[in-house]
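Have a look at this one before I ask anything.
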Amino acid sequence: MARSERRPNRPALALHVPEPPYRPGDTPDYSNLEIPEAGSAPRPDVACDDSETHPLVNHLVRVLDDDHKAVGPWDPKLDPEVLRKIYRDMVTVRIFDDRMYRAQRQGKTSFYMKCTGEEAIATAAAAAMDAEDIHFPTYRQQGLLVARGYPLVKMMCQIYSNSGDHMKGRQLPIMYSDKEKGFFSISGNLGTQFPQAVGWAMASAIKGDSRIAMGWIGDGATAEGDFHAAMTFASVYQAPVILATVNNQWAISSFSGIAGAEQATFASRAIGYGMAGLRVDGNDALAVYAAVRWASERARSNNGPTMIEFFTYRAEGHSTSDDPTGYRPKEESEAWPLGDPIERLKAHMIGLGEWDEERDSALHEELSAEVRKSQKEAEKLGVLSDQGDENKESMFEDVYAEMPWHIAEQRDAALKEGE
Amino acid sequence: MARSERRPNRPALALHVPEPPYRPGDTPDYSNLEIPEAGSAPRPDVACDDSETHPLVNHLVRVLDDDHKAVGPWDPKLDPEVLRKIYRDMVTVRIFDDRMYRAQRQGKTSFYMKCTGEEAIATAAAAAMDAEDIHFPTYRQQGLLVARGYPLVKMMCQIYSNSGDHMKGRQLPIMYSDKEKGFFSISGNLGTQFPQAVGWAMASAIKGDSRIAMGWIGDGATAEGDFHAAMTFASVYQAPVILATVNNQWAISSFSGIAGAEQATFASRAIGYGMAGLRVDGNDALAVYAAVRWASERARSNNGPTMIEFFTYRAEGHSTSDDPTGYRPKEESEAWPLGDPIERLKAHMIGLGEWDEERDSALHEELSAEVRKSQKEAEKLGVLSDQGDENKESMFEDVYAEMPWHIAEQRDAALKEGE
Amino acid sequence: MAVMNMIQALNDAHKVAMRADEDIVVFGEDAGYFGGVFRVTEGLQKEFGKERAFDTPISENGIVATAVGMAAYGLKPVIEIQFADYIYPGYDQIVSEVAKMRYRTAGEWTMPMVIRSPYGGGIYGGQTHSQSPESLFTHIAGLKTVIPSTPYDAKGLLLAAIEDPDPVLFFEPKRIYNGPFSGHHDQPVVPWSKRAEAEVPEGHYTVPIGKANVVREGEALTVLAYGTMVHVARAAMEEADVDAEIIDLRTLVPLDIETIEKSVRKTGRCLIVHEAPRTSGFGAELSALVTERCFYHLEAPVERVTGWDTPYPHSYEWTYFPGPARIKTALKKVMAD
Amino acid sequence: MAVMNMIQALNDAHKVAMRADEDIVVFGEDAGYFGGVFRVTEGLQKEFGKERAFDTPISENGIVATAVGMAAYGLKPVIEIQFADYIYPGYDQIVSEVAKMRYRTAGEWTMPMVIRSPYGGGIYGGQTHSQSPESLFTHIAGLKTVIPSTPYDAKGLLLAAIEDPDPVLFFEPKRIYNGPFSGHHDQPVVPWSKRAEAEVPEGHYTVPIGKANVVREGEALTVLAYGTMVHVARAAMEEADVDAEIIDLRTLVPLDIETIEKSVRKTGRCLIVHEAPRTSGFGAELSALVTERCFYHLEAPVERVTGWDTPYPHSYEWTYFPGPARIKTALKKVMAD
Ligand SMILES: Cc1ncc(C[n+]2csc(CCOP(=O)(O)OP(=O)(O)O)c2C)c(N)n1
Ligand SMILES: Cc1ncc(C[n+]2csc(CCOP(=O)(O)OP(=O)(O)O)c2C)c(N)n1
Ligand SMILES: [Mg+2]
Ligand SMILES: [Mg+2]
């Protein structure tokens, strides 16, 4: 038996186990949540000393105010065409997510993950960077592919593991990869991509290139050692990289307090590495754009890495395998005060006179049709559930550049199997 | 070939590889190093919000001023007996180190590591904590064992892997362990002990105990994922633990810039985890005492963990396998401005009228004699080089509580070997 | 007796153990409030409080490392790694610390703990939810490796693992959490409730670590298997109508060599079945041991049926999985001449 | 031709490769300015600049992870893990990322890189400077594992590894960096300069990966070894005056099965020697393969001579180390009847 040795002159120690404010059955109420006003965050020069950004790690870069007007020094003053592009991308992602979620429910594939509520982050980030820059994403940055014009059909073929999947069905659905679009292969192992992004950026610096990298991680996954490796190497070598934490406040069933958010913001991690840090309203597409633009200019001008925390909310379940009502109130996602990024950008564009309900309905129709059409096309190449084992020898390829004898033997055995 | 894609409107990126200020051949000059004045660091309440300590992460808690007087709010106002005890421990460690270093050079064992210049840290930390508290040390905290009265003979037996080694010669020299003295088994794998200390502290909290833990790590090893795990778990569960980074500015041949010290202090890592942080003159025994005392009171009163950076200098080689003149100027250790912790405490005690040269010589003689005597006693039990393989069956014990058949078979085979 | 599936049996083992021993603490990713993604730790936080059953940060390294510290204190951690595929970030702490602590300190510090993790394929989990990494642990002296194949064994072995003075890797074949599996993925899954092994005693009992289970006696050959593959091999043998002696190893280290030797000496033939990749899989060790110890009784070379030496591909699940067809091919070889 | 010890040969391989290919970058703990604790990368920073040869933070995880990113960019990282015992913090990146990248992306992203690490015992390094973890990598599909045993091979194999399109684990037997080792620790070490294998061609040449080396032809039995144990086994065979055929595997994966099969079919007996612990060591795979493929040619069971299933104990170095006595005992067994 473990022997506690409490002495009379000492208080009893106690373990603190963080608990989210609301559990199923509670009525979520965020009225006391302090949200800095839009426009109130200062915008330091991109070449500033990292310490100048440090007040921002406990602030929130917000551009869209309560009336959906763009305000303050972070307003990126985007061309309406760019706004409409980001908006279009966000809507595409949401429609795509809904469709593929249903496809999974219909048994057409094994798994799916949405990014509902987080659409602004990847799409606006993509808009703020060069097309040649590379992303090391997690599974919740499908918006990057959409924004960069990767064909929806190809995304669906990956999800269906069908013959149109250029990865030959080897990866779990949504673990996309596309070299041409600068979208690094998604890993099932959380966190691994974060220091990889730093390595890519170091390589770019070694070669005197001008392309930069952006690494992505979830709030929960920041606890992995990979996070620390990324921060350390980025800081030591002043790598041209943007390190982004998407704090959607949940990691499957555990809230962000289990990752440390009770004690400090994720953005504040930047300080201990002498790195610039920004905390950004992730549901505000303009703020996302502005922050990523700032960090990319900083990196590109050899002023070092930036850690950005995107503060957002995972509006739906973790994945098709998850039912969030087991651990948080059903109403929480609606109670969440930072709103829907799509609605917010829409209202902003309408306020500018650059958008209206009519065009909005037309866009939704157009995109729904496009997604439907893509789905049909993808399904022509098959869905997971009707995968037979034709072409099964392909599963023995690509372990190595050249197939060694032992794998060739195994392939031959597999081909004869069941004969 | 990797293809750099520099575009004309973009500057060429460049990799920054940190370089220490001086290399062999250079003349080290630290006159421009900014060292905060003794007494200038404020001392917040032990129950303060962690943010109140954050100015201290870029400061330096120092008590002994240039005249060796104790000044400022961190002066622990120690009883002269305590001062003399710390001093005695420091001197013991230094004499012990010299002796064992020579023993290795004489071929009596395979390996040794000194802590020259860093003696104040472990010995004063031990003085500031309860005897029941536990340490998860690195190989440079031999001072903890000495301060806690662990027999020198037993330390030497470990170094010689002889029959007096209670670990049966299984560990590399200096990888001590003593449960009774609250000194956890030292690992050859850097960093692993740091989150283990947090686990022990969590256990103590779970059981409502009053004992706290202290974890130790080197500046170089802070780069390991274990460092981040320790910080994260300590922060999340508000574990009653002190996490100490001994920044002696070198990790074998790489200077602390390779671990991130160019961009931020190690103490500043505390901020991103919402943890109290202190940066302390590690060559000032009083400052070390005061800081550890503060952090232990904080932990013990359920106010959470503290990260302390002890700023010091590794005055000698990394180990008996290392010759530092290959990578830093020979003169650097003397040029280092924070002085010798032993000399500093001695001057302080003399200033107080609590010590004099006569007593000092007597002490040195007494301790040298004690170390010599211990060595003789230890060597009676053998040194590594005359280890035969008597009792070799002992090497098959303790892999498991009960020896399984396969190890028993191997033992039997080993016993027959060479017959 | 109650009828339980494997999840319920494992959950029950936790409860029985935690009621009897206040030093047991359970933690892991999503293992606290929610009770784990497979629900093995469901209800523990409610019954035993947050200090004894809690969620952790997503750091397998931190989970194992803090368990080391807790074991050093005197607690008994029973920790969950969400999928065996995610155990690698904790590998250093397991290999360098957990496994070697008793040895390096000659027993001064010991590391009684259980590291539970769902493993294995057959669930369309792709490369990172299907792995069988057991041989990466059987190579490490100081660790025990246990794999149950039925609800009865799951509870009894988990209780034995918790009571064991040494660290135990406890791999749970997730494919058969809810019911045994014949290897024919096109046939409906039979729930555990239809099977005798789902009869699980209430309260405390143990199934000893280090003892294999002869699940079927036979004369024609010896089949060595564990986890899901016990059921697949059994189905294959029944379909092939061979009088196989099927041994469920239950524990890989320390292995029940006696039972294996006795059987192979009797049958003269040996077939090994596991899901993990072939090269350096645990089957290699079994094959080497059987040959070393029963060579003069063998009438044919020992055969291995394994997963292939590729990562686990999402859509070719059943080409990868060592199902009945692969087993039968090997059977023919092992029964030849 | 120049006479080199193994460190010099490896150093030279780096220089030859880096002069020819600007995309090669070398990094690791102490590997930059100082040239590594064993000095294998000495002088590289001076010749190739800090951007191509540099020190890293003490994070094996970060070292491998950044190498992954660099390989994705198109560079060719040749990284050093200071001791093989410290590779575990990087194990997840190696197993989950480096090994699986080509496969999971069907060749879209590849991971050509070399992960070098000194390994093995015999130097009084204790538990954490003596390990031989090779079988923890041979189990992982997608990795190649190479181990040289002479200066000539070291340079040629390292050059081949650097040119290989796939990731290569390159384990260097540190005990024989300076000279071969008979296993008799009480005898003086003969420096490499006294041996023909220390004649190393200047400039570029390769020793092919996947090809074993028959270091001594013989009829009585086949001995399979690699690294330090090639020399120990050879000395033991000479002392026992047995007409052994000794095969230095050089590459564990992909294995040169042809050479092995041919030899065992000829000799009918097989002895495997490695330093790593026995259970699930690479010897298990070798034993299983030989039995599977040469069963009907075997006149005795395949024998394994290995390190014991304990951590490597500091003071019982020579009880742990599989030296001549252990080899001769096994030899007797394998030659019996
Ligand atoms: C190394 C590793 N450990 C555990 C998991 C299982 N897992 C998958 S997603 C997830 C939660 C991640 O949360 P977060 O990082 O916040 O990202 P989010 O899902 O919210 O986008 C967990 C624990 C994993 N994939 N990899
Ligand atoms: C995991 C691991 N990687 C590498 C090493 C090799 N190594 C031993 S000590 C050392 C330097 C440590 O420097 P630091 O942490 O600053 O401690 P110091 O020696 O200065 O006290 C290194 C790289 C190791 N022991 N463990
Ligand atoms: Mg999240
Ligand atoms: Mg140091």
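Treat the numbers as computed from the prediction; the structure is a model and nothing was measured. A note on names: the letters A, B, ... follow the listed sequences, proteins ahead of strands, and every chain is numbered from 1.
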Set of ring-ring contact (aromatic ring centres under 6.0 Å, His included) partners for C:Tyr103, sequence neighbours left out
none
Among the options D:His139, D:Arg104, D:Gln131, pick out the one with the most heavy-atom pairs lying under 4.5 Å from chain C.
D:His139
Heavy-atom side-chain proximity of D:Leu289 to C:Arg304 below 4.5 angstrom
yes
So which residue, C:Ser135, C:Gly90, C:Gly283, ends up with the most heavy-atom pairs under 4.5 Å with chain D?
C:Ser135
Determine, for C:Lys333 against D:Glu292, whether the closest basic-nitrogen to carboxylate-oxygen distance falls under 4.0 angstrom.
no
Rounded to the nearest 0.5 Å, what separates atom CD in C:Glu97 from atom OH in D:Tyr88?
12.0 Å
Inter-residue atom distance C:Ile140.CD1 - D:Thr279.OG1, 0.5 Å rounding
10.5 Å
Side chains of C:Pro301 and D:Tyr296, heavy atoms from C-beta outward: is any pair under 4.5 Å?
yes
Could you tell me if the side chain of D:Val95 sits less than 4.5 Å from the side chain of C:Tyr91, heavy atoms only?
no
Options C:Gln93, C:Lys100, C:His314, C:Arg293, ranked by heavy-atom pairs under 4.5 Å with chain D, top entry
C:Lys100
Does NZ in D:Lys266 sit with more than 12 non-hydrogen atoms of other residues, nucleotides or ligands closer than 6.0 Å?
yes
Please look at D:Thr128 and chain C and tell me whether the side chain, the backbone, both or neither of the residue comes under 4.5 angstrom of a heavy atom of that chain.
neither
Spacing of C:Thr291 atom OG1 and D:Glu303 atom CD [to the nearest 0.5 Å]:
11.0 Å
Quick check on D:Arg278 against chain C: is it the side chain, the backbone, both or neither that has a heavy atom closer than 4.5 Å?
both
Non-hydrogen atoms of chain C under 4.5 Å away: do they reach the side chain of D:Glu60, the backbone, both or neither?
neither
Could you tell me which portion of D:Leu298 (side chain, backbone, both or neither) has an atom closer than 4.5 angstrom to a non-hydrogen atom of chain C?
both
How far does CG of C:Asp92 sit from CG of D:Asp92, to the nearest 0.5 angstrom?
12.0 Å
Other residues, nucleotides, ligands: >12 heavy atoms within 6.0 Å of D:Lys328 NZ
yes
Options D:Gly281, D:Pro277, D:Ser287, ranked by heavy-atom pairs under 4.5 Å with chain C, top entry:
D:Pro277
Comparing C:Ala141, C:Cys294, C:Ser280, C:Ala284 against chain D, the one with the most heavy-atom pairs below 4.5 Å turns out to be C:Ser280
